[in-house]
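The chains referred to below are lettered A, B, ... by the order of the sequence lines, with proteins before strands, and numbering in each begins at 1. Basis for what follows: all heavy atoms, side chains included, without hydrogens, waters or symmetry-related copies.
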Amino acid sequence: MNKEVRVRFAPSPTGALHIGGVRTALYNYLFARKMGGKFLLRIEDTDQNRFVPGAEEYIKESLNWLGIAPDESPWNPGDCGPYRQSERKPMYMQYAMDLIEKGHAYYAFDTPDELDAMRERLTAARVVSPQYNSITRTQMKNSLTLPEDEVKERLASGEPYVIRVKIPRKEEVRLNDMIRGWVLVHSNSLDDKVLMKSDGMPTYHLANIVDDHLMKITHVIRGEEWLPSAPLHVLLYKYFGWEDTMPQFAHLPLLLKPDGNGKLSKRDAEKHGFPIFPLDWSDPNTGDIVAGFREAGYLPDAFLNFLSFLGWNPGDHRELFTLEELVEAFSVERIGKSGTKFDINKAKWFNEQYLRAKTDEELAAYLIADVEKEGLTVEASKAAQIAHVVKERATFPADLWKEGRFMLIAPSQFDQDIASKKWNTDTETVLGTYREKLLQFSGEFTPENAKSLLEAASEENGIKLGKIMQAIRLAVTGVGAGPELMPVFNIIGKEELIKRISFALETLKVNS
RNA sequence: GGUCGAUUCGUCUAGGGGUUAGGACGUAUCCCUUUCACGGAUAAAACACGGGUUCGAUUCCCGUAUCGACUACCA
């Protein structure tokens, strides 16, 4: 039995794709690639009320950004289309009817009010979990309790109805989860879930079984929130007679809040000031705006690497993986069982690693873009030099310009704190001499030359360079800390250096 | 409440009947550096609790606690 592995990611287009969803997609992708199989995307849009325009595109763009685009999807369909459940609508009813004919499902005519009343009644009677099940259905309006003629009449008259699965009263349902092992559930804790809604759409439960079967899905890798309904799904496979091809299940641990309890949510992003969505997203219905990792400056490879380690590890001490290496190293056996708290520091660390691995030229491209956004220009070779000098201090591409802007823009003011502590007559003297030497210097202005001239200037005045170094930095850059100074002098050039020294000498006054 | 699941440093985790319980992020200290950062080194830091089983349990079993998911004509 070496069937081709086929897995699917099945989000519903109800808003921005949550980072947990992205991880689910990633694990599906990794598994598919590892097994030489296919990764499909199916849009689960059976709830028309929750449809959000743009959400599908958001999903597509997110996966593209990360380089984990599906092999089959609404945009590049394979043989199992359509890939949107709304477009598969005509397919589902026959399967629901099949279940009715086999006695595993039935029509129900209860109105929402009647369902509420039932729940209230049960709650009042102190029934622990009020549900539509093998006991309560005997008191409701459905094809199990109503005379056959009346059922036909109601159906014929166009009265709204749903189709519910008929869960047996006593049956042990077992499923072998790839991550959790055997999970046993008794059917008496399950309820008669709606399979077909009154609007003619299937619910998730029906649609996902039918579609997974029709799309020849071999492994269902999804979030742990689905674990409680997995037994129902197993039952449905059995009722359809599809047990032989039932996919294997793997329920992924949840992504948790950084500070303790609960599932990671949009609120956490706001509270802690970091993104939990892949891309920026502005909800057309609510006007909510959420920040994305992409726009925050996370590199796709770094983000992917970070994400892959949220609940999985390769079993050795390696941490940096390309997508290809992740595919090679991945296995569901090494996915953990327990929920994972989200630590943005780790994400930043990954980003730094990937940023530093880039060449100066690659980094220069980011820098140039940011420079031009401010209406300035910089030649490529200089941008590369700047990038080289600041790359070690950057977490995000935007930091390159933040850390390096002083090299293109001369300081107009100086850090007062440093000035009052470090600026003194010794500095003024040495800087004066240094300026003279620079003026007279006609060779190639290298970092080495910049340094030897400065050393000569301090020696001539009998002043220790070390004591005034920070003041010199202040004079040229405006601040007290930054990258190594001599390469900076070299980058800004001799003329600019002289100008800056002059300006500092005029502006900064010795504190008396 | 019920069902199901989970529980190793602050966080992500390795490990597994006998270990100095390993690594990474973060934190602290030192070194490097004429600053900051990077880098290097070092340190503090964990098996939720209680019973079994066993010569021996963090590891296996059972409870308890805690946390979480689910409990819709949402997915």
* Structure fact -> In A/Trp312, A/Phe330, A/Phe309, the residue satisfying ring pair (Phe, Tyr, Trp, His ring centres under 6.0 Å) with A/Tyr27 is A/Phe330
Please report the distance separating the [atom1] of [N] from the corresponding atom of [M], rounded so that it comes out in whole Å.
N     : M     : atom1 : result
B/G63 : B/U20 : C1'   : 33 Å
B/C49 : B/G26 : P     : 29 Å
B/A24 : B/A43 : P     : 12 Å
B/C4  : B/C62 : P     : 13 Å
B/A28 : B/C9  : C1'   : 15 Å
B/A21 : B/C47 : P     : 12 Å
B/G5  : B/G10 : C1'   : 24 Å
B/A57 : B/G50 : C1'   : 14 Å

* **Along RNA chain B (nearest heavy atom to each residue), the more 5'-positioned of A/Gly315 and A/Glu484** => A/Gly315
* To do: Nearest-nucleotide wise, let me know which of A/Ala347 and A/Trp182 is further upstream toward the 5' end of RNA chain B.
  => A/Trp182
* Asked: Does the gap between the ring centers of A/Phe396 and A/Tyr298 come in under 6.0 Å?
  -> yes
Assign [X] to base, sugar-phosphate, or nothing according to its heavy-atom contacts below 4.0 angstrom with the strands shown.
X        : answer
A/Arg164 : sugar-phosphate
A/Tyr204 : base
A/Thr46  : sugar-phosphate
A/Leu184 : sugar-phosphate
A/Asp192 : nothing
A/Leu465 : base
A/Lys346 : base

* Asked: Can a donor-acceptor pair under 3.5 Å be found between the side-chain atoms of A/Ser198 and the base atoms of B/C73?
  -> yes
* Within the modelled atom types, does a donor on one side and an acceptor on the other bring the side chain of A/Lys193 and the base of B/A72 under 3.5 Å apart? -> no
* Asked: Looking at A/Arg42, A/Lys89, A/Arg84, which hits salt bridge (charged side-chain N to carboxylate O under 4.0 Å, His left out) with A/Asp211?
  -> A/Arg42
* To do: Using a 4.0 Å cut-off on protein heavy atoms (strictly under), produce a 5'-to-3' string for nucleotides 38-46 of chain B with B for base contact, S for backbone-only sugar-phosphate contact, and - for none.
  => S--------
* Structure fact -> A/Glu225 atom CD is separated from B/G68 atom C1', nearest whole Å, by 11 Å
* Structure fact -> A/Trp312 CH2 to B/A14 P, in whole Å, measures 11 Å
* **A/Tyr132-A/Asn142 side chain donor-acceptor pair, cut-off 3.5 Å** => yes
* Structure fact -> Shortest non-hydrogen pair, A/Pro275 vs A/Phe342, comes out as O-CZ, 4.1 Å
* Tell which nucleotide pairs with B/C32, taking only Watson-Crick or G-U wobble pairs whose two distances are both under 3.5 angstrom. => none
* Nucleotide paired to B/U11 in any strand shown, Watson-Crick or G-U, under 3.5 Å -> B/A24
